[in-house]
Amino acid sequence: MAKRKALITGVSGQDGSYLSELLLEKGYKVYGMVRRTSSSDWWRISHLMNDIELVSGDLTDQSSLNRLMAQIQPDEVYNLAAQSFVAISWEQPVYTANVTAVGALHLLEAIRESAPRARFYQASSSEMFGKAQQFPQNENTPFHPRSPYGVAKVYAHYITMNYRESYNMYACSGILFNHESPRRGPEFVTRKISSSVARIKAGLQDKLALGNREVRRDWGFAGDYVRAMWLMMQQDKPSDYVIGSGENYSVQDFVSEAFAVAGLPWEKHVTVDQAFFRPAEVEVLLSDPSRAQHELGWSLEVDFQQLVRMMVRADIERLKQKGTLSL
Ligand code: NAP
Ligand code: F7E
């Protein structure tokens, strides 16, 4: 039987790398869409270069997406590409909207025109709940986004739903709460903490400046969350699901846990810098993933303490191997 074909946008990102591994394990032919950059440092997928086929495209370039759909005729399309850093979305709101919101529409149009039988997954986000209207948040909780990023994700979420309803497409969204890993970008708070702990441990850094440490997030491991994406694409009918751990912790909890893993006193090293506070903050998020657990049979394998340990140990190991930790 011919291999199933999956196209992943955002393949060079954290989730793209874990999803590629999962789909390869399941026997898919994996096409990963990358955009041209001057560095092309695809460190998260360097170990997969012989196994996946990289194709060129950009979410803001409709013609590139049309061409890819026509050429590949994928069975499944996972739209993981986005300007995904919330803090930058205030600095580059128009760019964020073009990529994160309208980019999803470009992809849906390309599928509708050129590969109408392809199934579509949209990477929706708990940032859509923002100033959350109820606790915990489930599939029926109203959205109240607090950043240009969150607003862009709401657009992408609703246009996905609209294409499902308008054109009978298999189009689904995973409303994913924060998920992290050793492959997390260094600007996100968890990896900023774990990499700083490693550098402090090695004597390469003394202080770690953070913003608001009281905010609470529902954190999980990215490897667990890509399994949920795949499961959503294998159902009889497309639908949207909340994916999270059902527990939340503060940034301070992450700090305390991470420094403890390395046997360091956080009080000596952590400082506050107003530059890392946001114009509008998402104070608390907490998921109710019960629908995904019951209908998809999905569950977490890595808990919060295991996640922190995994990230700190990976950064300590990287430093030992390379002698430096590039941030
Ligand atoms: P990430 O590490 O920031 O990866 C983003 C990916 O998008 C990268 O491969 C990036 O390519 C690509 N990209 C950015 N702009 C693009 C464009 N114009 N055209 C094509 N590709 C473009 O993000 P992630 O953490 O893996 O998250 C995956 C998706 O899930 C994102 O849509 C994110 O918004 C969403 N999400 C993430 C979380 C989370 O906690 N991680 C939670 C909910 C939703 P380059 O390598 O070239 O920059
Ligand atoms: O911030 C606070 C910050 O940047 C988490 C993305 O994957 O998850 C991610 O968005 C919290 C915020 O992630 C620093 O104010 C304090 O409240 O790690 P973050 P995020 O904004 O939650 C969602 C679900 C997505 O969809 C996004 O794509 O930590 N915080 N001090 C800080 N945050 C950062 N980055 N740096 C600090 O120094």
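By convention here, the first residue in the shown sequence is residue 1. Both counts, for ligands and for their atoms, begin at 1 and track the order of listing.
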Query - Close-contact set for ligand 1 against Asn178 heavy atoms, below 4.0 Å - result: 40 (O)

Report summary line: Counting from 1 in the order shown, the ligand 1 atoms closer than 4.0 Å to a non-hydrogen atom of Ala123 are 29 (C), 30 (O), 32 (O), 35 (C)

**Report entry** Tyr225 and Trp298: CA distance, side-chain angles, deciding distance, ring-ring contact (aromatic ring centres under 6.0 Å, His included) verdict
**Finding:** CA-CA 9 Å; Tyr225 288 47; Trp298 176 81; 5.6 Å; yes

Return the orientation label for the [X] and [Y] ring planes: parallel under 30°, perpendicular over 60°, tilted otherwise.
| X | Y | answer |
| --- | --- | --- |
| Phe85 | Phe188 | perpendicular |
| Phe304 | Trp219 | parallel |
| Phe259 | His269 | parallel |

For [atom], grab the closest protein heavy atom and report residue, atom and distance to one decimal in Å.
| atom | answer |
| --- | --- |
| atom 48 (O) of ligand 1 | Arg35 NH2, 2.8 Å |
| atom 7 (O) of ligand 2 | Arg184 NH2, 2.9 Å |
| atom 21 (O) of ligand 2 | Arg278 NH1, 2.5 Å |
| atom 15 (O) of ligand 2 | Glu281 OE2, 2.5 Å |
| atom 35 (N) of ligand 2 | Glu187 O, 3.0 Å |
| atom 12 (C) of ligand 2 | Arg217 NH2, 3.5 Å |
| atom 27 (C) of ligand 2 | Ser84 O, 3.3 Å |
| atom 16 (C) of ligand 2 | Asn212 O, 3.3 Å |
| atom 25 (O) of ligand 1 | Arg184 NH1, 3.4 Å |
| atom 8 (O) of ligand 2 | Asn178 ND2, 3.0 Å |

Rounded to the nearest 0.5 Å, how far apart are [atom1] of [X] and [atom2] of [Y]?
| X | Y | atom1 | atom2 | answer |
| --- | --- | --- | --- | --- |
| Glu247 | Leu300 | CD | CG | 8.5 Å |
| Thr160 | Lys153 | OG1 | NZ | 9.0 Å |
| Lys192 | Thr190 | NZ | OG1 | 11.5 Å |

Classify the contact between [X] and ligand 1 as side chain, backbone, both or neither, using a heavy-atom distance cut-off of under 4.0 Å.
| X | result |
| --- | --- |
| His179 | both |
| Val99 | side chain |
| Ser124 | backbone |
| Trp42 | neither |
| Met33 | side chain |

Under 3.5 Å, is there a donor-acceptor pair between the side chain of [X] and the main chain of [Y]?
| X | Y | value |
| --- | --- | --- |
| Arg216 | Asn248 | yes |
| Ser287 | Gly246 | yes |
| Ser245 | Gly220 | no |
| Ser147 | Gly150 | yes |
| Glu281 | Arg146 | no |

Need the ligand 2 atom indices (1-based, order shown) with element for anything under 4.0 Å from a heavy-atom of [X].
| X | value |
| --- | --- |
| Lys192 | 37 (C), 38 (O) |
| Gly211 | 14 (C), 16 (C), 31 (N), 38 (O) |
| Val86 | 10 (O), 21 (O) |
| Val251 | 29 (O) |
| Ser125 | 23 (C), 24 (C), 25 (C), 26 (O) |

Please tell me whether [X] and [Y] have a donor and an acceptor in their side chains that are separated by less than 3.5 angstrom.
| X | Y | result |
| --- | --- | --- |
| Ser250 | Asp253 | yes |
| Tyr170 | Glu76 | no |
| Thr9 | Asn79 | yes |
| Gln293 | Ser299 | no |
| Tyr95 | Gln83 | no |

Purely on distance, is any nitrogen or oxygen of [X] under 3.5 Å from one on ligand 1?
| X | answer |
| --- | --- |
| Leu80 | yes |
| Gln83 | no |
| Glu180 | no |
| Ser125 | no |

Out of [options], who is nearest to [atom] when you count heavy atoms only?
| atom | options | answer |
| --- | --- | --- |
| atom 33 (C) of ligand 1 | Tyr225, Phe177, Phe188, Tyr149 | Tyr149 |
| atom 21 (N) of ligand 1 | Ser12, Ala81, Ser40 | Ala81 |
| atom 6 (C) of ligand 2 | Phe177, Phe85, Phe188, Trp219 | Phe188 |
| atom 19 (N) of ligand 1 | Leu59, Thr60, Leu19 | Leu59 |
| atom 23 (O) of ligand 1 | Gly13, Ala82, Ser84 | Ser84 |

Query raised in the report: So, is Val189 polar-close to ligand 2, with some N/O to N/O distance under 3.5 Å?
Result: yes

Query raised in the report: Looking at ligand 2, does any of its N/O atoms fall within less than 3.5 Å of an N/O of Phe276?
Result: no

Query raised in the report: How far apart are the C-alpha atoms of Trp230 and Tyr78, what are their side-chain angles, what is the distance that settles it, and do they pass the side-chain contact (heavy atoms from CB on, under 4.5 Å) test?
Result: CA-CA 9 Å; Trp230 179 77; Tyr78 293 86; 3.5 Å; yes

**Report entry** Non-hydrogen atom of Lys153 closer than 4.0 Å to ligand 1
**Finding:** yes

Query raised in the report: Is it true that Thr9 lies under 4.0 Å from ligand 1, counting heavy atoms only?
Result: no

Query raised in the report: Who are the side chain to side chain donor-acceptor pair (under 3.5 Å) partners of Glu283, not counting sequence neighbours?
Result: none

Report task. Could you see which bit of Leu210 sits under 4.0 Å from ligand 2, with heavy atoms only: side chain, backbone, both or neither? Result -> both

Does ligand 2 have any atom sitting under 4.0 Å from a heavy atom of [X]?
| X | answer |
| --- | --- |
| Ser126 | yes |
| Phe277 | no |
| Arg146 | no |

Query - Sidechain N-carboxylate O distance under 4.0 Å for Arg183, Glu21 - result: yes

